[in-house]
Amino acid sequence: MYLFICSLDFLSSAFRLLGGKAAGKAFSDNVLLQNPVAGLMIGVLATVLVQSSSTSTSIVVTMVASGLLDVRPAIPIIMGANIGTSVTNTIVSMAQASERNEFRRAFGGATVHDMFNWLTVLVFLPIEVATGYLFHLSNYIVKSFNLETKDMKQEFLKVLTKPFTKLVIQIDKKVISKIATGDEEAYEKSLIKEWCEKKHYMVTKNVTQMMNVTVLENGVNITREMNVTQETEVEVTENIKKCSFLFQDSGLNDTAVGVILLVVALIMLCVCLVTIVKILNSMLRGRVARIVKKTINAEFPGKLSFLAGYLAILVGAGLTILVQSSSIFTSTMTPLVGIGVISIERMYPLTLGSNIGTTTTGLLAAFANSGAKLENGLQIAICHLFFNLSGIAVFYPIPFLRFPIGMAKWLGNTTADYRWFAVMYLVLMFFVFPAFVFGLSAAGWQYLAAVGGPLALLVVVIVVINVLQHKHPNVLPAKLKNWEWLPLWMHSLQPLDSVITKMLAVFCCCKKDNTEQQVLYFPVEVDVSKFLQKGDSKETVL
């Protein structure tokens with residue numbers, strides 16, 4: 001488990017090396033960030049690139065606190081970060097692809113997080129744009145308190161993992177933040193940390209700069225631009241001690257180190273996951289498995305049964321605060337869903353709690369500032385918290401509205417039938433779709449409305465018809481009671497599956513075994529007399 005958590009840390013470092021500068025550059029485009037849809041997609045893509053919502057959220061909080069970005073345009077970016085962070089546990093679920101039913105459950109347990117985040121954005125982004133309720137609510141809360149700055153940087157689980165991970169790689173996160181705040185020089189610097197010990201002190205220097213100076217000439221005040229030298233206190237940073245780790249002074253650039261680290265992290269992640277699953281499968285058998293499943297998925301008795309889910313939300317929030325990462329928490333839970341220890345119905349509230357717990361990172365980043373900076377940074381962090389609480393208030397209390405569970409189960413069933421669907425889902429939902437929408441947004445709202453509007457309407461119509469086909473088919477015309485009248489490729493993945501299977505057969509020199517699984521029955525002698533009740537015969541029991 002320790003190595004599994006370390007592998008997630010390495011994965012995050014690898015993505016930062018490969019895409020950290022691009023993410024920081026995206027944050028620095030203030031004009032584009034004024035578009036809420038573009039801001040949302042930047043939040044998704046940036047978080048996927050750095051593999052950490054904590055990092056992207058902290059960058060946004062820093063930008064807001066420093067006045068480089070207003071609170072309102074920063075809110076959609078925070079929403080996007082919520083979506084981007086769920087890519088990690090979706091990747092983790094693929095380690096269980098070898099066993100069909102485990103993969104079905106694991107992928108469903110991972111994507112329940114995705115579905116909740118997407119649905120919450122679809123509901124509350126338009127409301128926020130129209131009313132600014134998160135902005136006004138958070139502003140009222142911040143103004144109600146007299147705030148003082150405190151050093152609230154706390155680390156819990158990382159205290160245990162850092163001694164190992166820092167021997168391999170150390171990332172200078174300040175470079176990404178500087179790029180996001182418009183520092184052009186930072187873009188040329190390496191993300192691989194060079195100096196671990198620095199000394200900061202103030203010195204007095206003579207600084208010469210052009211200033212408007214008013215002078216008296218011939219009895220007349222004349223203002224001119226002149227070079228003026230003044231004594232100014234300047235902060236000086238002195239490098240004292242270089243860092244010592246595996247990739248320090250390796251001669252490789254950020255991209256090369258990132259690729260090596262990514263390969264190592266993925267191998268390490270898969271090995272750890274396979275080992276964890278095998279150990280859990282060997283431990284959780286028979287009566288032990290039944291007891292564990294019953295305990296974790298238990299409900300309170302009687303009319304208090306609904307409280308079990310809310311307790312799971314609190315547990316998810318508490319554990320996420322402890323490990324300071326929703327990705328680590330949900331990725332650790334995903335294998336347990338795969339082997340059947342945790343049900344998707346229980347995973348759902350644990351995920352919601354994780355969404356609440358991850359907002360503490362932004363709050364801690366905000367408290368690193370003071371004065372007006374503290375207020376602005378804290379306001380966007382509070383927006384993040386209430387955004388998640390708003391989603392929970394809509395999609396959890398009423399069982400009928402727990403759509404993410406049904407959607408995740410459908411994705412799990414589809415993935416069990418077509419293993420390649422998981423990769424396609426990952427690429428489309430976290431890369432292609434956000435990049436496509438971002439491109440339309442950057443081109444202008446006219447293009448977004450002209451292309452996105454009809455597509456969104458088509459998707460809504462298809463979803464409504466599908467729901468009616470399953471729930472109330474009688475209200476539909478005979479033609480729309482099923483999709484059989486459409487070409488097969490428009491209502492089934494089977495044609496695409498055939499194409500992909502043939503392609504894999506060419507590249508992998510192997511063919512898919514389409515034969516059905518055979519079930520063999522063996523006769524066994526059993527003494528059934530102890531199962532007999534009065535009036536039963538042996539044939540009845542058998």
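Hydrogens, waters and symmetry mates are skipped; everything else that's a heavy atom, side chains included, is used. In this text, all values refer to a predicted model and were calculated from it rather than measured experimentally.
Inter-residue side-chain proximity for F436 and V451 is flagged as met; some heavy-atom pair is nearer than 4.5 Å. Annotation: side chain of N117 is not in contact with side chain of M79 (no heavy-atom distance under 4.5 Å). Considering only heavy atoms from C-beta on, F124 comes within 4.5 Å of V394 through its side chain. A 4.5 Å side-chain heavy-atom check between T360 and T320 finds every atom pair outside the cut-off. F116 places a side-chain heavy atom less than 4.5 Å from the side chain of I392. At a threshold of 4.5 Å between non-hydrogen side-chain atoms, the residues W420 and I500 count as touching. Looking only at side-chain heavy atoms (C-beta outward), F387 and V121 come within less than 4.5 Å of each other. No side-chain heavy atom of L336 sits less than 4.5 Å from a side-chain heavy atom of M347.
Residues L134 and C383 come closest through the heavy atom pair O-SG, 3.6 Å. Contact detail for R72 and V129: the closest heavy-atom pair is NH2-O, 4.1 Å. Nearest heavy atom pair, residue P487 against residue H491, reads O-CD2, 3.2 Å. The two residues L119 and M407 come nearest to each other via the heavy atoms CD1-SD, 3.6 Å. When all heavy atoms are compared, the tightest approach of R100 to D417 is NH1-CA, 3.7 Å. Looking at every heavy atom in both residues, S441 comes nearest to N35 through O-ND2, 3.5 Å.
Within a 6.0 Å radius of CD1 in I398, other residues, nucleotides and ligands contribute 12 heavy atoms or fewer. The local environment of NE2 in H472 is sparse, with at most 12 non-hydrogen atoms from other residues, nucleotides or ligands closer than 6.0 Å.
Considering CG of L314 and CG of L350, their distance stands at 10.5 Å, rounded to 0.5 Å. Distance check: I382 CD1 to L378 CG gives 4.0 Å after rounding to the nearest 0.5 Å. For the atom pair CG of L122 and CG of L125, the computed distance is 8.5 Å after rounding to the nearest 0.5 Å. In this structure, the separation between CE on M424 and OG1 on T415 is 9.0 Å, given to the nearest 0.5 Å. Distance CD1/I83 to CG/L45: 10.5 Å, rounded to 0.5 Å. The distance from atom CG of N82 to atom CD1 of I77, rounded to the nearest 0.5 Å, is 13.5 Å.
At distances below 3.5 Å, not a single donor-acceptor pair connects side-chain atoms of Q379 with backbone N or O atoms of V71. In this structure a side-chain-to-backbone donor-acceptor pair under 3.5 Å is present from T359 to I356. Between the N388 side chain and the H384 main chain, a donor and an acceptor come within less than 3.5 Å of each other. Not one N or O on the side chain of T111 forms a donor-acceptor pair closer than 3.5 Å with the backbone of D114. Under a 3.5 Å cut-off, the side chain of N139 and the backbone N or O of F135 do not form any donor-acceptor pair. Under the 3.5 Å distance criterion, the side-chain polar atoms of S492 are left unmatched by any main-chain donor or acceptor of W489. Side chain of T131 to backbone of I127: a donor-acceptor contact under 3.5 angstrom is found.
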Decide yes or no on salt bridge (Lys or Arg N to Asp or Glu O under 4.0 Å) for E484 and K479, but give the supporting numbers first.
CA-CA 9 Å; E484 298 300 325; K479 188 84 171 176; over 6 Å; no
Taking it one step at a time, do F431 and V48 satisfy side-chain contact (heavy atoms from CB on, under 4.5 Å)?
CA-CA 8 Å; F431 294 96; V48 170; 3.3 Å; yes
M115/I405 under side-chain contact (heavy atoms from CB on, under 4.5 Å): CA gap, chis, key distance, verdict:
CA-CA 8 Å; M115 295 301 101; I405 296 177; over 6 Å; no
Evaluate the side-chain contact (heavy atoms from CB on, under 4.5 Å) criterion for residues Y418 and Q494: first the C-alpha distance (whole Å), next the side-chain angles of each, then the deciding distance (0.1 Å), finally the verdict.
CA-CA 9 Å; Y418 310 102; Q494 187 59 49; 3.6 Å; yes
Could you walk me through whether M429 and T90 pass side-chain contact (heavy atoms from CB on, under 4.5 Å), step by step?
CA-CA 11 Å; M429 291 297 287; T90 307; over 6 Å; no
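There is a side-chain donor-acceptor pair under 3.5 Å between Y133 and S390.
Salt bridge absent: R105 and E99 never bring a charged side-chain N and a carboxylate O closer than 4.0 Å.
For the side chain to side chain contact (heavy atoms under 4.5 Å, CB included) test, residues two or more places apart in sequence or in another chain that qualify with N466 are I462, Q469, W483.
Between F107 and F421, the ring planes are perpendicular. Angles over 60° get that label, and only those under 30° would be called parallel.
For the ring-ring contact (aromatic ring centres under 6.0 Å, His included) condition, the pairs that include at least one residue of residues 308-361, sequence neighbours left out, are Y310-Y396, Y348-Y396.
Here W118 and F403 keep their ring centres 6.0 angstrom or further from each other.
Shown are I342, N89, V92, L319; of these, the side chain to side chain contact (heavy atoms under 4.5 Å, CB included) with M333 is made only by I342.
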